[in-house]
Amino acid sequence: MTKHNGHCLCGKISFSFKGQPLRSTICHCSNCRNRTGSLFSAHIWFAADQLSIDWQECAQYSFETPAGRMMTNYFCRDCGTNLFFRTPLADPLVAVCAGTLIDANYWLSPGWELFCRNRPKFLSIDGTKQFETQPF
Ligand SMILES: [Zn+2]
Ligand SMILES: [Zn+2]
């Protein structure tokens with residue numbers, strides 16, 4: 001069952017899920033770069049009721065994108081690991097940061113790749129459905 005689990009760096013926040021992910025995304029947008037501190041984000045998405053999370057343990061940061069969409073990041077206030085994000089646009093789905101999964105390779109198959117116009121020149125990712133910006 002460990003493959004159905006994930007946690008932050010310090011281990012204070014852990015979560016589990018049931019069933020299959022509904023989608024996976026990789027995103028090269030500037031918001032994802034800033035909020036993850038990485039060159040791109042990778043997420044797998046679940047309906048909120050597939051996830052077992054103590055939301056009270058997560059710190060939150062909400063912001064508005066240039067397109068006028070609200071997003072909320074959920075992270076560990078002790079170690080700073082980004083764990084989830086939510087946006088009303090995708091409600092009731094929750095995006096789980098793929099790097100927090102114990103077995104990300106098992107769950108993360110190629111899905112949507114967003115904001116490919118920002119993809120670093122040296123990087124290529126096979127098998128994704130690619131969009132120059134985002135399709136919604
Ligand atoms: Zn932590
Ligand atoms: Zn993004």
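Atoms within each ligand, like the ligands themselves, are counted from 1 in listed order. Since the model is a prediction, treat every value here as computed from it, not as a measurement.
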- Item | Close aromatic pair by centroid cut-off 6.0 Å: Phe85 and His43 | yes
- Task: Answer with yes or no whether the hydrophobic clustering places Phe17 together with Leu83; edges join I, L, V, M, F, W, Y residues whose side-chain heavy atoms lie under 4.5 Å apart.
- Result: yes
- Message: Side-chain heavy atoms nearer than 4.5 Å, only ILVMFWY residues, links allowed to pass through others: does that put Val96 and Phe75 together?
- Response: no
- Which value, rounded to 10°, describes the SG(Cys10)-the Zn ion (ligand 1)-SG(Cys8) angle? 110°
- Please list, in chain and residue-number order, the protein N/O/S atoms closer than 2.8 Å to the Zn ion (ligand 2). Cys27 SG, Cys29 SG, Cys32 SG
- Query: When Phe40 is tested against each of Asn118, Leu114, Ile26 for side-chain contact (heavy atoms from CB on, under 4.5 Å), which residue passes?
  - Reply: Ile26
- Mind checking whether the Zn ion (ligand 1) has an N, O or S of His7 under 2.8 Å? no
- Flag the pair Glu113 and Arg119 as a salt bridge only when some basic side-chain nitrogen lies within less than 4.0 angstrom of an acidic carboxylate oxygen. yes
- Atom NZ of Lys129 with >12 non-hydrogen neighbours under 6.0 angstrom: no
- Query: Side chains of Trp45 and Thr25: is there a donor and an acceptor less than 3.5 Å apart?
  - Reply: yes
